[in-house]
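Okay, structure first, notes after.
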Amino acid sequence: MRLFHLSDLHIGLKLVNHDLREDQEAILSQIVEMAAEEKPDTVLIAGDLYDRAVPSADAAEVFDHFISALAAAVPEAEIMMISGNHDSAARINVYRSILSHQRVHMIGMPPQTPDERIEQVVLTDSFGRVHFYLMPFVRPSMVRGVIGTNEDGSQFSYDETVRRLLAREEIDRSERNVLVSHQFYLPRGTDPEQIERMDSEIRTVGNIDAVYADVLEPFDYAALGHIHKPMKVGADRFRYCGTPLACSVSEAGQQKGVIEADLGEKGNLSIRVLPLRPLHQVRVLEGCLEEVLARPSEDYVTVTLTDPADLNVIDMQDRLRTAFPNLLEIRRKTLRGPLSAEAPAEAAELDPMALCDAFLGGMDGPDRALLTDVMNTVRT
C-alpha cells in the first residue's frame, strides 16, 4: 500500500507580509501532479491545513481547489487529514461524516466522550488490512472529560495525555498500523531544547507539549506534523515531512518534499522523498551593499549588510528593491555594542520565561506554573 505523507500546508500564510497564494498554489499543483503519477492509495495530511484558525476566503478557496484536484487525480485513493494547532478543530470537523463517504476523512476533534475513540480508517491490500489512526492535535484540556485528571484535579501532561488516548485503542500489532498525528514528538532522553525548531512554529514555554516517541512503537509508520523541518524521530518509520513550502527565513535552503512510503507485508517498509520545487526560493544574502547587488534575484531574500560605514538609507533601499523585487527585509551587521546596559545583546537569545525571571528576580513554584500557563495560552 502506497502512502503520500504531507503536513503543515499553512494555507493563507504571509511571509514577512508577502502574500504566498501564488507560491502555495504552485506547490500544491506539484503535489497533485505527483499523486497522478505515483498513484498513492492514500494521501495523509498531518495537520495545520491553514495558517489561521479562521482562514480567509482566499485561503479556503485555495484549499478547496487543492482537495478537489487531488481527489480527481487519484479518485480511488482515500484522503485523510487532521487538524493541527494552527487550525480550528471545530471548523475542520464540519461535515466529517458526509465527507467520509466521498473518500475524504477530515478529522478536527479528538474523542469528546468516554465512548468515543480515535477515528480509525481500515483499508485492505494483498497483504491484509492497514489500520489508520487519525489523531488531531490534542491539548490536555481538550480531552480531560475522556481520560480524567490527576488525583489533585490537575490535568495530565501532553505526554501522558497522548499515552492515555492511545492506550484506549485496541491496536492489533499482528496487523499493520499507521498513526497520523500533529504533536511535538522527540526521542526519550532527548533535551527538547536541542531539537532544531523553525521560526514559523508555535512553541510552548518550557516545551510542556513534548511527547516522547516510544509511545509510537505500536505503529508501522507514523505520519507526523508540527515540526517544519523534515526529520526522523528515532526510528526511520517515525517521520516529520516538514512544510511543503518555506514558512520562514529560518527554513532558507531546506529541500522540501513529499514522503512516499510503501507498506508491504508486516515489517516491510520502504520510504523515499519526492522533492518539491518552489516558485521562489527563500534565501539569505550577506555582504557589503555592492557585493549583494551583484547577485540580483526574484527569490524571497533577506539581506544582511556588513558595510562598516553608514549608508544612504533611501538610496540603499531603492537599489535593493530594484535588484530583489521580493525583498523580505534588510538587516545591518555592525560592530556597535548594545543600545543600553539594561538591554544586553544576549537578551535576544533568552526565551520568554528566562526574560521574566531576569525581570522579576526569580519566582517560586506556584507563580512559575501560573505564568507558564498564561504564556502558553496567549501564544496558542
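Nothing here was measured: the structure is a model prediction, and the numbers come from that model.
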Indicate yes or no for a side-chain donor-acceptor contact from [X] to the backbone of [Y] under 3.5 Å, with no hydrogens or angles considered.
| X | Y | result |
| --- | --- | --- |
| E291 | G287 | no |
| E78 | V104 | no |
| R332 | D307 | yes |
| D87 | G84 | yes |
| Q112 | P110 | yes |

Would you call [X]-[Y] a salt bridge at under 4.0 Å N-O?
| X | Y | answer |
| --- | --- | --- |
| R96 | E119 | yes |
| R168 | E116 | no |
| R163 | D159 | yes |
| K229 | E201 | no |
| E217 | R237 | yes |

With a 6.0 Å cut-off (strictly less than), is the heavy-atom count around [atom1] of [X], excluding the residue itself, greater than 12?
| X | atom1 | answer |
| --- | --- | --- |
| D236 | CG | yes |
| E37 | CD | no |
| R117 | CZ | yes |
| R52 | CZ | no |
| E329 | CD | yes |

How about P230 and Y240: do any of their side-chain heavy atoms sit closer than 4.5 Å?
->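 The answer is no, as the side chains (C-beta and beyond) never meet within the 4.5 Å cut-off.
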Would you name the heavy atoms of H226 and D8 that are closest together and state the gap between them?
->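 Nearest pair, atom of H226 first, then D8: N-OD2, 3.0 Å.
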Which heavy atom of E260 sits nearest a heavy atom of L274, and at what distance?
->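 That would be OE1-CD1, 3.9 Å.
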For the residue pair [X] and [Y], would you count it as a cation-pi contact if the rule is NZ or CZ under 6.0 angstrom from the ring centre and within 45 degrees of the ring axis?
| X | Y | value |
| --- | --- | --- |
| R188 | Y212 | yes |
| R197 | F184 | yes |
| R164 | F156 | yes |

Aromatic ring centroids of H105 and F132 under 6.0 Å?
->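 Distance test on ring centres: not under 6.0 Å, no.
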Kindly say whether the aromatic ring centers of H18 and Y300 come within a distance under 6.0 Å.
->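 Aromatic pair counts; centres sit under 6.0 Å.
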Quick one about [Y] and [X] (side-chain donor to acceptor, distance below 3.5 Å, no hydrogens or angles considered), yes or no?
| X | Y | result |
| --- | --- | --- |
| R283 | S297 | yes |
| N207 | E193 | yes |
| T306 | E286 | no |
| E160 | S157 | no |
| S154 | D152 | yes |

Give me the ring orientation class for Y158 and F137: parallel if the planes are under 30° apart, tilted from 30 to 60°, perpendicular past 60°.
->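 Y158 and F137: tilted rings.
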Taking D125 as the fixed residue, which of R176, R2, K266 is the one that meets the salt bridge (charged side-chain N to carboxylate O under 4.0 Å, His left out) rule?
->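 Answer to the salt bridge (charged side-chain N to carboxylate O under 4.0 Å, His left out) test with D125 among R176, R2, K266: R176.
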